[in-house]
Trainee: 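Just passing along the structure, written as structure tokens.
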Amino acid sequence: MSLTALSNICVVLVETTHPGNIGGVARAMKNMGLSDLRLVSPKRFPHDDAVWRAASAGEMLNTATVTETLAEAVADCGLVIGSSARDRRIPWPLLPPRQCAAQAVAEASTHKVALVFGREDRGLTNDELRACNLHVCIPSNPEYSSLNLAMAVQVISYECRVAALDNNEDISAMAEWDQPVATAEAMRQYFVHLEETLVEIGFLQPRAPKQLMTRLKRLYHRTRPDEMEMNILRGILTTTQQRLRKLAAEAAGTPDQAEND
């Protein structure tokens, strides 16, 4: 593997409370050759504490991207990996750091990869974790499992560097796919379209959705559709909606409107 793949891996920090932690993360990233830092609604940034903790990695703070939402931060990414330390009601594909890094580096040869870290006190929300293709969990001491944010980033960044230095050519199948993998933004738009369609056909009841969309998101994140497959899926939904609206218009006695739709 080539170290150039590391330039395609971004670290995303969600609603970081302490600016010093942002500086610590910048330093950890530079140590391991990562350079793309993205901040989602940081509580205090820019800040002198961030600069002080960054030490000689201050330029990382100057080039950091700041967004208001996680969706904006990972919109261009084809693989999104969220850090999680908790068991979930509905389990998600979960990787240990070494395997996570190997897949991240392999896929970074063809598209952007995001490593997402949550708040210092409570990590990522369930909704944020559901926006990720995979989860990664650092197997720390269960008697004292709390990791400082910069330490957690350091662990995963180190594994990414090791994977990039490894000459093993056993790479992810998605790295040599015939079509670009669908980005996080394309997936987000598809889930909105899918939910609208499921409500329209009566399969999803908005007042009692249960875990339907969560399980469907897990399914699609696990299968990793590419751009062409995503276009096909969106086309199926659009045609379904058009057919339903035409039937509804005909039943209401307004065939002209149905044809226009």
Side-chain angles (χ1 to χ4, degrees), residues 4-16 21-22 25-26 28-30 32-42 60 63-85 92-119 123-138 149-150 152-161 163-164 171-172 174-175 177 180-191 217-218 220-222 224-227 230:
T4 57
L6 297 178
S7 63
N8 232 17
I9 299 176
C10 64
V11 171
V12 182
L13 306 182
V14 178
E15 294 185 0
T16 309
N21 286 333
I22 297 175
V25 166
M29 290 174 62
K30 187 173 182 180
M32 297 301 138
L34 301 179
S35 58
D36 189 348
L37 175 60
R38 305 183 184 188
L39 309 174
V40 178
S41 296
M60 300 276 293
T63 59
T65 301
V66 180
T67 63
E68 293 187 2
T69 67
L70 176 59
E72 293 175 87
V74 302
D76 62 337
C77 297
L79 174 64
V80 181
I81 303 173
S83 59
S84 175
W92 222 257
L94 181 67
L95 299 178
R98 191 151 299 175
Q99 187 178 346
C100 161
Q103 181 158 351
V105 170
E107 295 203 23
S109 64
T110 57
H111 49 255
K112 279 283 188 181
V113 174
L115 304 174
V116 185
F117 297 84
R119 304 153 189 82
L124 296 169
T125 67
N126 287 336
D127 283 344
E128 289 162 349
L129 285 166
R130 289 175 194 137
C132 302
N133 300 105
L134 304 169
H135 296 169
V136 61
C137 181
I138 299 173
L149 179 59
V153 173
Q154 183 80 77
V155 169
I156 305 299
S157 298
Y158 166 77
E159 293 292 353
C160 286
R161 186 169 186 83
I171 61 175
S172 166
M174 296 301 293
W177 206 244
V181 68
T183 64
E185 176 60 16
M187 294 289 286
R188 186 195 67 79
Q189 293 179 4
Y190 174 71
F191 290 137
K217 288 178 181 179
R218 182 177 66 171
Y220 284 106
H221 280 311
R222 193 168 71 242
R224 309 286 306 284
D226 60 38
E227 288 183 356
M230 184 57 65

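Excluded from the calculations below are hydrogen atoms, water molecules and symmetry mates; all remaining heavy atoms, backbone and side chain alike, are included. One is the number of the first residue; the rest follow in order along the sequence.
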Trainee: Taking the inter-plane angle between the rings of Tyr190 and Tyr220 on a 0 to 90° scale, is it parallel (under 30°), tilted (30 to 60°) or perpendicular (over 60°)?
Mentor: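 Rings of Tyr190 and Tyr220: perpendicular, as their planes differ by over 60°.
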Trainee: Does His111 use its side chain to pair, donor to acceptor, with the backbone of Pro180 at less than 3.5 Å?
Mentor: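 Not at all, since once roles are kept as given, no pair shorter than 3.5 Å links the two residues.
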Trainee: Please find the pair of heavy atoms, one from Gly78 and one from Val181, that lie closest to each other, and give the distance.
Mentor: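 What the structure gives for the nearest pair is CA-CG1, 3.6 Å.
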Trainee: Can you find a pair of side-chain heavy atoms, one from Met187 and one from Met230, that are under 4.5 Å apart?
Mentor: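 Heavy-atom side-chain distance check passes, below 4.5 Å.
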Trainee: Could you tell me whether the side chain of Val153 reaches within less than 4.5 Å of the side chain of Phe117, counting heavy atoms only?
Mentor: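 Yes - at least one pair of side-chain heavy atoms lies under 4.5 Å apart.
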Trainee: Compare all side-chain heavy atoms of Val105 with those of Ile9 and state whether any distance is below 4.5 angstrom.
Mentor: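 Val105 reaches Ile9 side chain to side chain.
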Trainee: When you compare the side chain of Lys112 with that of Asp36, does any pair of heavy atoms fall below 4.5 Å?
Mentor: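 The answer is yes, as the side chains (C-beta and beyond) meet within the 4.5 Å cut-off.
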Trainee: Do Thr183 side-chain atoms and Asp76 backbone N/O form a donor-acceptor pair below 3.5 Å?
Mentor: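 Answer holds: no.
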Trainee: Does Leu6 reach the side chain of Cys160, with side-chain heavy atoms less than 4.5 Å apart?
Mentor: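 Touching, per the 4.5 Å side-chain cut-off.
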Trainee: For Ala114 versus Val74, what's the shortest heavy-atom pair and its separation?
Mentor: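 Nearest heavy atoms, Ala114 then Val74: CB-CG1, 3.8 Å.
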Trainee: How long is the gap from CG on Leu134 to OG on Ser84, to the nearest 0.5 Å?
Mentor: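 Here the interatomic distance stands at 12.0 Å.
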Trainee: Look only at the side chain of Arg161 and the backbone of Met32, and say whether a donor-acceptor pair between them is shorter than 3.5 Å.
Mentor: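 A pair under 3.5 Å: yes.
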Trainee: Take Thr67 and Thr69, measure what side chain to side chain contact (heavy atoms under 4.5 Å, CB included) needs, and give me the verdict at the end.
Mentor: CA-CA 6 Å; Thr67 63; Thr69 67; 5.5 Å; no
Trainee: So Val116 and Glu128, do their side chains get closer than 4.5 Å, heavy atoms only?
Mentor: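 Answer no - side chains too far apart.
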